[in-house]
Amino acid sequence: MSYADLDAYSRLLRGAHEAAEAGRVPPELPRRLITASWQRSLEAGIDPDGKSAPLVYDLPHIEDVRQAHPLRPLLPLIAQTLSSLADEVLIVTDGGGRVLWREGSHAIMRRADQIGLADGHQWAEGTVGTNGIGTALEAGRPVHVYSEEHLMRVLHVWSCSAAPITDPDSGQIVGCVDVSGTSRSLHPATVALVAATAKLTETQLALRMHERDERLRRRFESLRRQPGVLLSASGRVLSGDPAGSLGERIRLSGRRVILQDGSAAVLEPFSDGFLLRPTPSAAPPTLTLSFLGEAQPVATFGELDRPLSLRHAEILALLALHPHGLTAEQLSFHLYGDDGNPVTIRAEIHRLRAQFGEAIAAKPYRLTCPLEADFLEVRRHLSANDTGALARAYRGPLLLRSESPEIRRERDELEAQVRVCLLRHGAPDELWTYAQTCSGRDDYEVLERLAALPATDPRSAAARSRLYP
């Protein structure tokens with residue numbers, strides 16, 4: 001654009017300014033980028049007669065911000081790339097348009113001081129209106145703002161070319177590089193050089209990111225002991241997810257993370273990044289079956305005692321005795337023999353699952369939770385020949401009222417084994433405990449053994465009274 005063209009454009013802009021302030025539609029509008037920026041700026045309440053950008057960082061504070069900023073190591077590269085623009089002021093901001101560094105001749109920086117184009121001042125659109133830095137950050141692309149394209153009149157002697165810098169690690173805009181000068185000294189083509197500088201800076205950020213990633217991966221592979229997914233400090237997935245089910249990045253929002261599939265995971269610090277591990281599942285509640293003796297059968301699930309109907313108790317007992325599971329047809333046969341109906345079993349299982357949820361799985365039907373059952377405990381004591389524990393555990397026959405062929409077989413077999421074991425190896429205390437069950441109360445051999453105890457032993461008298469009523 002020639003200087004004559006710039007003069008004509010300046011006149012158009014002055015007319016547009018006057019119309020915008022008067023609330024009229026100008027005969028000719030500036031280019032779309034500037035028109036949109038003016039609208040945003042006026043809606044934000046920017047005063048066209050403002051004099052300077054606000055100071056938001058004092059000097060002690062800005063030094064801390066500089067030290068921590070990812071662009072700090074790349075300042076020499078930025079300055080060298082733009083060294084041909086010695087008559088202008090070079091500005092580098094953070095992602096919010098706050099000036100962190102600047103460079104230029106004493107003369108240009110003195111003029112820049114007058115409008116707050118200096119360290120610690122903020123040049124976001126929402127604070128000073130249309131300008132190279134703020135509009136580039138708002139648009140997310142390189143821009144050139146010429147003279148009267150600025151909304152604030154005090155900036156009309158300035159022109160600026162700026163480009164945002166995106167951090168490839170976080171995916172966020174972390175800064176902006178800007179070259180500003182008087183309107184006649186800064187050509188609009190300057191924006192191409194500024195844009196190239198921003199891209200070069202992003203390339204260097206990406207190179208440093210890949211070097212960090214590789215160091216972190218090597219450490220992860222050499223120290224890994226447990227399953228986990230390696231994340232960068234910004235949440236990028238680096239290793240441990242070969243299927244790619246987690247995507248490229250995990251949103252970090254505290255120690256507990258909700259993944260795309262709705263499952264939960266926890267973050268653990270690991271070197272300069274994180275390990276993502278599945279949330280330890282809460283242990284499923286234990287199902288405890290109390291089916292021995294004459295009392296009502298009870299299932300304890302978690303902390304709740306649930307009295308059971310005989311039919312439900314029979315089904316749970318059969319599932320406990322067949323840990324690999326039973327089909328509806330097999331359950332029906334064990335319960336009813338040849339007269340069984342699998343449809344009835346499916347209906348009963350449905351009712352049981354309403355109480356115990358996923359503790360009962362299907363295809364085949366089986367128990368999937370930790371299980372404790374008094375009749376299974378008795379079997380363990382029989383195997384160990386532990387008569388003391390056996391006598392304490394055996395409280396009577398298994399589901400005494402059941403007519404199920406399979407339950408009756410198990411009941412009779414268990415009763416016979418307990419009786420034989422105690423008669424052969426049981427001490428008087430253990431025989432006496434067995435004699436308190438409904439099966440042992442009138443057992444002739446057991447009572448004879450007890451009656452043979454010394455006459456001073458009360459158990460002997462009790463046994464004789466049962467033998468000779």
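Ile78 is listed as a side-chain neighbour of Thr197, based on a closest heavy-atom distance under 4.5 Å. Between Arg311 and Leu335, some side-chain heavy-atom pair lies under the 4.5 Å cut-off. The shortest distance between side-chain heavy atoms of Leu231 and Leu252 falls below 4.5 Å. A 4.5 Å side-chain heavy-atom check between His121 and Leu55 finds at least one atom pair inside the cut-off. By the 4.5 Å heavy-atom criterion applied to side chains, Val128 and Ile46 are not counted as neighbours. A heavy-atom distance below 4.5 Å is not found between the side chains of Asp374 and Thr288. Looking only at side-chain heavy atoms (C-beta outward), Pro142 and Val194 stay at 4.5 Å or farther from each other. With a 4.5 Å cut-off on side-chain heavy atoms, Val99 and Tyr57 do not count as touching.
A salt bridge is defined here as a Lys NZ or Arg NE, NH1 or NH2 lying under 4.0 Å from an Asp or Glu carboxylate O, and Glu448 with Arg466 fails to meet this definition. Ion pair Glu221/Arg218 not flagged as a salt bridge, since none of the NZ, NE, NH1 or NH2 atoms sits closer than 4.0 Å to an Asp/Glu carboxylate oxygen. Taking the charged nitrogens against the carboxylate oxygens, Arg236 and Asp213 do have a contact shorter than 4.0 Å, which makes a salt bridge. A salt bridge does not link Asp272 to Arg212: none of the charged nitrogens lies less than 4.0 Å from a carboxylate oxygen. With respect to Asp429 and Arg459, a salt bridge is recorded, a charged nitrogen being found less than 4.0 Å from a carboxylate O. Looking at Glu348 and Arg351, a side-chain N of the basic residue comes within less than 4.0 Å of a carboxylate O on the acidic one, giving a salt bridge.
Here the side chain of Gln436 pairs a donor or acceptor atom with the backbone of Trp432 at under 3.5 angstrom. Remark: the backbone N or O of Leu238 is paired with a side-chain donor or acceptor of Arg217 at under 3.5 angstrom. Proximity of a side-chain donor or acceptor of Glu430 to a complementary backbone N or O of Leu422 within less than 3.5 Å is not detected.
For the 3.5 Å distance criterion, the side chains of Glu377 and His381 qualify, holding a donor opposite an acceptor. The closest side-chain donor-acceptor pair between Glu149 and Thr130, if any, does not fall under 3.5 angstrom.
Taking the side chain to side chain donor-acceptor pair (under 3.5 Å) definition, one finds that Arg102 meets it with Asp113, sequence neighbours left out. For His144, the side chain to side chain donor-acceptor pair (under 3.5 Å) partners two or more places apart in sequence, or in a different chain, are Ser161. Residues passing the side chain to side chain donor-acceptor pair (under 3.5 Å) test with Asp47: none are found, sequence neighbours excluded. Under the side-chain contact (heavy atoms from CB on, under 4.5 Å) criterion, Ala451 pairs with Ala463, Arg464, Leu467, not counting sequence neighbours. Applying the salt bridge (charged side-chain N to carboxylate O under 4.0 Å, His left out) criterion to Asp167, with sequence neighbours excluded, gives no partner residue. Residues forming a side chain to side chain donor-acceptor pair (under 3.5 Å) with Thr437 (at least two apart in sequence, or on another chain): none.
A parallel orientation is assigned to the rings of His322 and His334, their planes being inclined by less than 30° (bins at 30° and 60°). The aromatic rings of Trp101 and His69 sit perpendicular, their planes meeting at an angle over 60°, well past the 30° parallel limit.
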Derivation and outcome, salt bridge (charged side-chain N to carboxylate O under 4.0 Å, His left out), residues Glu43 and Arg40: CA-CA 5 Å; Glu43 289 175 354; Arg40 289 192 302 267; over 6 Å; no
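Distance check, rounded to the nearest 0.5 Å: OG of Ser290 to CD of Gln296 gives 11.5 Å.
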